[in-house]
Amino acid sequence: RRRRDPAPRSESRMNENWRPIPGYEGVYEVSDLGRVRSLDRIDARGRRICGRALRPGITRSGHLQVNLCLDGKRRWTYVHRLVLMTFVGPAPEGMEGCHGNGRPADNRLANLRWASQSENNRDRVRHGTHHEARKTHCPQGHAYDSFNTYIDARGRRCRICKRENDRVRSARKRARVHLTREEAIA
């Protein structure tokens with residue numbers, strides 16, 4: 001069978017750098033542009049298998065995954081992790097793959113780095129992709145604006161709700177003190 005080139009060559013793909021994926025040497029390669037391909041090889045039954053570009057699957061979060069097979073075991077792997085492991089090295093302890101521009105499908109080496117979970121979350125807030133950063137109002141419907149918002153250890157808080165909660169808490173405390181004085185008198 002004749003092997004087809006999966007996509008026409010563009011200027012950027014002509015300079016594409018391919019390297020073998022650690023642990024899958026001789027079977028799979030990944031490029032610095034985030035593409036993954038299998039290599040020509042002979043399988044366990046002696047059949048010749050033509051290499052091809054792998055078509056990634058997309059997760060709900062928008063990340064790309066490919067299904068890699070070695071010794072009969074299949075494993076779904078994130079493409080951004082493959083690019084980082086191959087071109088940068090294994091992930092340092094406690095680090096995860098971080099997309100510099102906030103687009104999880106952009107797996108170019110220039111867009112990726114190892115970062116801590118907190119750095120990755122700060123990037124998500126900066127890009128506007130963090131689920132909490134997109135909220136414009138508190139659960140009671142008060143606007144998150146510069147006058148009504150403060151930050152504490154738990155995150156962003158509404159000043160109006162805090163005032164109301166403090167007022168209710170103070171009223172309950174006064175009621176308890178009043179009841180204990182009446183019980184002491186009786």
Side-chain angles (χ1 to χ4, degrees), residues 3-25 27-39 49-139 141 143-145 149 151-158:
R3 192 168 94 181
R4 292 184 345 200
D5 192 9
R9 298 247 179 231
S10 66
E11 186 62 36
S12 62
R13 285 191 182 173
M14 290 182 75
N15 298 327
E16 197 168 12
N17 183 13
W18 291 91
R19 291 192 186 166
I21 297 173
Y24 294 92
E25 292 88 351
V27 184
Y28 296 102
E29 289 183 337
V30 67
S31 79
D32 56 349
L33 297 180
R35 296 191 321 139
V36 182
R37 69 182 178 190
S38 62
L39 301 175
I49 298 175
C50 290
R52 63 181 178 86
L54 300 184
R55 188 173 54 208
I58 301 174
T59 65
R60 275 187 258 171
S61 62
H63 291 87
L64 301 182
Q65 288 183 321
V66 289
N67 198 352
L68 302 180
C69 183
L70 187 66
D71 299 328
K73 295 178 185 173
R74 292 195 171 277
R75 183 173 165 205
W76 283 97
T77 310
Y78 287 114
V79 174
H80 65 276
R81 290 189 64 84
L82 292 175
V83 172
L84 284 168
M85 285 186 328
T86 302
F87 289 93
V88 177
E93 186 68 31
M95 300 296 221
E96 55 188 40
C98 184
H99 294 81
N101 63 6
R103 294 187 203 130
D106 185 358
N107 293 309
R108 294 173 296 123
L109 179 60
N111 183 47
L112 300 173
R113 71 181 191 282
W114 292 121
S116 68
Q117 186 177 18
S118 62
E119 287 175 300
N120 208 356
N121 282 331
R122 278 194 295 274
D123 275 357
R124 289 174 57 206
V125 169
R126 194 179 70 231
H127 298 130
T129 57
H130 193 278
H131 66 282
E132 290 292 332
R134 290 187 293 228
K135 293 181 180 177
T136 58
H137 291 76
C138 76
Y144 281 135
D145 57 21
T149 306
I151 308 291
D152 70 3
R154 295 176 292 174
R156 200 166 42 159
R157 299 283 178 227
C158 171

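Here the closest non-hydrogen pair linking E16 and S31 is OE2-OG, 2.6 Å.
Remark: side-chain polar atoms of W114 are paired, donor with acceptor, to backbone N or O of G89 under 3.5 angstrom. Between the side chain of Y28 and the backbone N or O of C69, at least one donor-acceptor pair lies under 3.5 Å. Listed for the E25 side chain is a donor-acceptor partner under 3.5 Å among the backbone atoms of G23. Put simply, the side chain of H99 gets close to the backbone of P104: a donor and an acceptor are under 3.5 Å apart.
There is a side-chain donor-acceptor pair under 3.5 Å between N101 and D106.
Cation-pi contact between R156 and Y144: present, with separation from the ring centre below 6.0 Å and deviation from the ring axis of at most 45°.
Of the listed residues (N17, V36, V30), just one forms a side-chain contact (heavy atoms from CB on, under 4.5 Å) with T86, and that residue is V30. Screening V88, N120, D123 against R113 for a side-chain contact (heavy atoms from CB on, under 4.5 Å) leaves a single residue, D123.
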### CA sep, side-chain torsions, deciding dist, call: L64, I58, side chain to side chain contact (heavy atoms under 4.5 Å, CB included)
CA-CA 5 Å; L64 301 182; I58 301 174; 3.5 Å; yes

### Stepwise side chain to side chain contact (heavy atoms under 4.5 Å, CB included) check, D32 with W18
CA-CA 7 Å; D32 56 349; W18 291 91; over 6 Å; no

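Rounded to the nearest 0.5 angstrom, R55 CZ and N67 CG are separated by 12.5 Å.
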